[in-house]
Amino acid sequence: MPAIPSMKKHLLALVTVAGVSLGATVTAVAQDDHLDEVWADAVGGQEPILTDAQFAMLNNLAFQAAVTKICDGYGLDPTGFETGVAEAMTPAPADLTDEEAEHWRSAVVMRFGTVYGILLTQGNGDAEAFCASADEMKADSEVPNVWQ
């Protein structure tokens with residue numbers, strides 16, 4: 001699925017301005033208990049806009065984007081990021097009207113932004129542990145990353 005131009009613009013703006021489940025990304029980072037309820041409220045019980053595997057891919061991208069803001073020595077490869085987002089959104093739900101497809105893309109972007117924001121909060125709360133988990137992820141050749 002080719003990247004959707006408006007989605008690319010919105011996702012890159014989120015990044016610039018601001019394993020198979022969410023747990024795979026979150027457990028890679030030292031958790032503060034006070035954020036447990038934030039995670040549950042923000043992403044718990046959401047309508048199934050993506051599969052678990054797609055959410056995992058999107059969460060991984062949100063983590064990597066947050067790392068570039070918090071940890072020294074990390075940059076985001078825009079092409080790799082765009083490709084990753086397109087892959088995370090594939091396949092899109094079938095048989096959507098144009099209006100429904102736009103709502104679906106918006107829901108995915110909102111979910112990405114929510115996870116990205118929580119990860120920024122979590123990472124800034126304990127940057128040392130957050131960046132150590134990024135270093136471990138980057139060193140693991142089996143975990144895809146979009147860092148430069």
**Request:** Determine the minimum heavy-atom distance between L58 and A88, stating which atoms define it.
**Result:** N-CB, 4.0 Å

**Prompt:** Does Q54 reach the main-chain N or O of P91 with its side chain, forming a donor-acceptor pair under 3.5 Å?
**Reply:** yes

**Message:** Suppose we screen for side chain to side chain contact (heavy atoms under 4.5 Å, CB included). Which residues come up paired with D135, at least two apart in sequence or across chains?
**Reply:** Y74

**Asked** Given the rule that I, L, V, M, F, W and Y join up when any side-chain heavy atoms are under 4.5 Å apart, are M57 and W147 in one cluster?
**Response** no

**Asked** Atom CZ in F81, atom CG in L61: separation rounded to 0.5 Å?
**Response** 5.5 Å

**Asked** Rounded to the nearest 0.5 Å, what separation is found between the CZ atom of R111 and the CG atom of N59?
**Response** 5.0 Å

**Request:** Over all heavy atoms of both residues, which pair between A65 and F112 is shortest? Give the atoms and the distance, please.
**Result:** CB-CZ, 4.4 Å

**Complete:** For F55 and L50, the nearest pair of non-hydrogen atoms, with its separation, is CE1-O, 3.4 Å

**Request:** Assess whether atom CG of D98 is packed by more than 12 heavy atoms of other residues, nucleotides or ligands within 6.0 Å.
**Result:** no

**Request:** To the nearest 0.5 Å, tell me how far F130 CZ sits from T121 OG1.
**Result:** 10.0 Å

**Prompt:** Can you list the steps and then say if E87 with T83 is a side-chain contact (heavy atoms from CB on, under 4.5 Å)?
**Reply:** CA-CA 6 Å; E87 288 174 5; T83 300; 3.4 Å; yes

**Asked** How many angstroms lie between OG in S133 and NZ in K138, if you round to the nearest 0.5 Å?
**Response** 13.5 Å

**Message:** Tell me the closest heavy-atom pair linking W104 and P93, and the distance in Å.
**Reply:** CE2-CD, 3.2 Å

**Request:** Work out which heavy atom in A66 is nearest to a heavy atom in Y116; give both atom names and the distance.
**Result:** N-CE1, 3.5 Å

**Request:** Please report the C-alpha distance between Q64 and N60 in whole Å, then the side-chain angles of each, then the deciding distance to 0.1 Å, and finally whether the side-chain hydrogen bond (donor to acceptor under 3.5 Å, both in side chains) criterion is met.
**Result:** CA-CA 6 Å; Q64 291 180 53; N60 184 21; 2.8 Å; yes

**Complete:** For V146 and L76 the tightest heavy-atom approach is CG2-CD1, 3.5 Å

**Request:** Look up atom CD in E99 and atom CD in E102, then write down how far apart they are to the nearest 0.5 Å.
**Result:** 9.5 Å

**Request:** Would you please test Q122 and L119 for side-chain contact (heavy atoms from CB on, under 4.5 Å) and show each step?
**Result:** CA-CA 5 Å; Q122 195 165 10; L119 287 166; 3.9 Å; yes

**Message:** Within this structure, what is the CD1-CG distance for the pair I70 and D126, rounded to the nearest 0.5 Å?
**Reply:** 10.5 Å

